[in-house]
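Single-structure report; data block below.
Chain A is the first sequence line, chain B the second, and so forth, proteins listed ahead of strands; every chain is numbered from 1.
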Number of protein chains: 4
Amino acid sequence: MEMADQADRRQALISAAFAAIANEGFEGLRLRPIAAAAGIDHSTLHHYFRTKEDLIAAVLEHVTSQLEGSMRNDLEPAGRLRHHLGAIATAIAERPELFIVLDELDLRARRDVTMAANIKHDEQGWRAALVALFDEGIEQGTWSVDLDVHASVELVIATLKGLRLRPDTAEVVVKQLCDLYSRGASE
Amino acid sequence: MEMADQADRRQALISAAFAAIANEGFEGLRLRPIAAAAGIDHSTLHHYFRTKEDLIAAVLEHVTSQLEGSMRNDLEPAGRLRHHLGAIATAIAERPELFIVLDELDLRARRDVTMAANIKHDEQGWRAALVALFDEGIEQGTWSVDLDVHASVELVIATLKGLRLRPDTAEVVVKQLCDLYSRGASE
Amino acid sequence: MEMADQADRRQALISAAFAAIANEGFEGLRLRPIAAAAGIDHSTLHHYFRTKEDLIAAVLEHVTSQLEGSMRNDLEPAGRLRHHLGAIATAIAERPELFIVLDELDLRARRDVTMAANIKHDEQGWRAALVALFDEGIEQGTWSVDLDVHASVELVIATLKGLRLRPDTAEVVVKQLCDLYSRGASE
Amino acid sequence: MEMADQADRRQALISAAFAAIANEGFEGLRLRPIAAAAGIDHSTLHHYFRTKEDLIAAVLEHVTSQLEGSMRNDLEPAGRLRHHLGAIATAIAERPELFIVLDELDLRARRDVTMAANIKHDEQGWRAALVALFDEGIEQGTWSVDLDVHASVELVIATLKGLRLRPDTAEVVVKQLCDLYSRGASE
DNA sequence: CATGAATGAGGCTTCATTCAT
DNA sequence: AATGAATGAAGCCTCATTCAT
């Protein structure tokens, strides 16, 4: 039981840090309030996370673990794309903070090599799945062989990243993007 | 002449702040180094910008003034879209700092109403131009009347925003987006 | 057997503390690393030494026990002096840490009455032996009756203390001091 | 006039730090009390000394400037030695704090290269003067050509260093050392 | 306009120690 | 005896801002 308490406390700290970043931004991340939110002394926080950086890394881990991709391999390419984009649009709409924080992290990654590495790693998996999706679609005739897979993948990623700050438009934008690819497909 | 000096100094401060944000991020924005970069005492900076926020606002103004849109009204809709997106892709590729800083500013806007207002105002103009572009295209038969103008506008904006952190992919992504709309058009 | 373990552990803590003072100085004495070096939790250290001061006192005891003087009473005064100084010079050269730590302790004694008392006690024995040596030497005609015994004792002590920070010069300095007293003796 | 104030304040900080080291030792050197003693906020201290190390360096400079050697070149070697040692003995007796602090600094030099360099530099001058003194003495027949100059210099230095912690014995010890060299000389 | 000393609030981190287990 | 979570005090340092000059 105590073990659960420990983990809980740790999780509480991560959650508090996550919320702080979401609400106040990276600038506003102060250790004292985080500790207070978890109901402990600010020096005790260092018992769980030796340094501020360690806490931030844990936040990143927490965020990415929540976004673990759901790519349904049982659908054909077009449907899979539609489903995947829809899932992300839904996630953006329902839990925008997740993406806000990811954006802050993304920005910080420009100066923090560790963070950059972690984010890159996470994106790699996503990117690979998208490449496979488009490759398969071309193979099956869903899209023309002329389709630029790399460009398409980057377009999808860029669009989704660009939606982070405007969660309210996520749904329509994603639909529009799907439609464009469907039209290409019907051709 | 001194007036020119004044303006120069002011501009030097803004440039220094801009560079600092581009290189170190918002977190790394310290007034003292900014003043030093402009060759003045850190106290004197407050004669030009009463507060840190004021300086940041000036940086935003500086950034947006550099991005004033070039929407060529002499071209037909499809060409105009292609040209516009190409121009932005070029800008991203050539002066990525501009967009990096814009991203930092965008993120900060979530907590700074003044900044949010300024950014929104700037985007409004952009948005309106895009709406006009698509409306005209539909009117002229470039795109189907079924085209969701609002969604398309947001898609374009989201995509471009999403490119900020990956300036190297800007060109191909923009081309891909144009192609998708061209194909839709050919229909 | 466990008792031996206990003593061993205690000794390990003292040794680790000794090494820490020798290497990092008094400033650098931290309990956690000491405990870690002895392979126990930092909390457990408090079972062996209730407080940091207690541990330091034990270090002093450890150091002085290692320096228990070897004054050979079988030699005549001049030879005894030469032998004694030589022994200390050798000790300084071979185990300089012992003297470094003693110096740190000496300095600290200025503010720590307990330490001051302990050190004073240790020195008292040394001082008495030296007084006896010189007294005997005068009695036997080795040195003139004009020899200031007290001053000579303090000179010897001061010189040896002054050598602590320059272990490499210990040998020649000690030899020089002996020579000065031998010359006085030959008179 | 204000300039004097500035320098005064700076000096006040150095003096306060000096006193703190003398009374509490290096361990007890805290910036806040130092600032308070000088009548300023603890953050203002950083305006005068960017870092704690800088302040310590200033203390060292202050101490050594007070000890600038008084080697009277108008006296013959034996008299010069007697005079020099007497001067230092007097200094130790009258201002023992100076030497206490020097001892703390000396000890710290073992871990602080900058301090070690500064101290070494100061000692170099002293050492050179002593070497010259003994060389001249041998040349003039004051001492035998067999005298080990290097050893004698180190003996003098070690003795004086060893006196730091026992200022009350300085006078007699120094006299005894002089006597030993005089006797050697008379020979 | 320019300076630089001064401020006060606040930042992260470290440490010896205690307490419940 | 041993652990490790928790504490609270304290450490150095930084920053935006103000004020007297």
| query | Going by modelled atom types, is there a donor-acceptor pair between the base of F:dA2 and the side chain of C:H47 at under 3.5 Å? | reply | yes
| query | Checking all strands, does C:L29 fall into the base, sugar-phosphate, or nothing category for heavy-atom contacts under 4.0 angstrom? | reply | sugar-phosphate
| query | Which base sits across from F:dA16 as a Watson-Crick or G-U pair, both distances under 3.5 Å? | reply | E:dT7
| query | Looking at E:dT17, E:dG11, F:dT7, which one has an atom nearest to any side-chain atom of A:D41? | reply | F:dT7
| task | Would you classify C:Y48 as touching base, sugar-phosphate or nothing, given that sugar-phosphate means primed atoms plus P, OP1 and OP2, and contacts are heavy atoms under 4.0 Å? | result | sugar-phosphate
| A:H46 (side chain) and F:dT7 (base): donor-acceptor pair under 3.5 Å | no
| note | Of C:R32 and B:T44, the one whose nearest nucleotide on DNA chain E sits closer to the 5' end is B:T44
| request: Starting at atom NE2 of D:H42, determine the distance to atom P of E:dG8, rounded to an integer number of angstrom. | output: 11 Å
| request: Write down the distance between CZ (B:F49) and P (F:dT18), rounded to a whole number of angstrom. | output: 16 Å
| query | For the pair made of CG in A:D8 and P in F:dA6, what is the distance, rounded to whole Å? | reply | 12 Å
| field | CG on D:D103 to NZ on C:K161, rounded to 0.5 Å | value | 10.0 Å
| message | Applying the Watson-Crick and G-U wobble criteria at under 3.5 Å, what pairs with E:dT21? Answer none if nothing qualifies. | response | F:dA2
| message | How many whole angstroms separate atom CZ of B:R30 from atom C1' of E:dG10? | response | 13 Å
| task | Starting from C1' on F:dG4, measure out to CZ on A:R10 and report it in whole angstrom. | result | 15 Å
| field | Among F:dA2, E:dT17, F:dC13, the nucleotide that comes nearest once only the side chain of D:T51 is considered | value | F:dC13
| field | Spacing of C:L45 atom CG relative to F:dG4 atom P, expressed in whole Å | value | 15 Å
| field | Donor-acceptor pair present, B:S43 side chain and F:dT18 base, under 3.5 Å | value | yes
| request: Could you tell me whether the side chain of C:S15 and the main chain of C:Q11 form a donor-acceptor pair under 3.5 Å? | output: yes
| said: Does D:R111 form a salt bridge (charged side-chain N to carboxylate O under 4.0 Å, His left out) with C:E104? I'd like the steps, not just the answer. | reply: CA-CA 13 Å; D:R111 278 155 255 123; C:E104 300 264 5; 2.6 Å; yes
| field | Heavy-atom closest contact (D:I34 atom, D:A17 atom, distance) | value | CD1-CA, 3.6 Å
| message | How many whole angstroms separate atom CG of A:L13 from atom C1' of F:dA6? | response | 13 Å
| said: If the cut-off is 4.0 Å, is C:R9 near the phosphate of F:dA1, judged by side-chain N/O to OP1 or OP2? | reply: no
| remark: Rounded to whole Å, the CD1-C1' distance (B:I40 to E:dG4) equals 13 Å
| message | For D:R110 and C:E24: C-alpha separation, side-chain torsions, deciding distance, then whether salt bridge (charged side-chain N to carboxylate O under 4.0 Å, His left out) applies. | response | CA-CA 9 Å; D:R110 279 174 39 80; C:E24 319 282 341; over 6 Å; no
| query | Relative to the 5' end of DNA chain F, which residue comes earlier, D:E53 or B:R50, by the nucleotide with the nearest heavy atom? | reply | D:E53
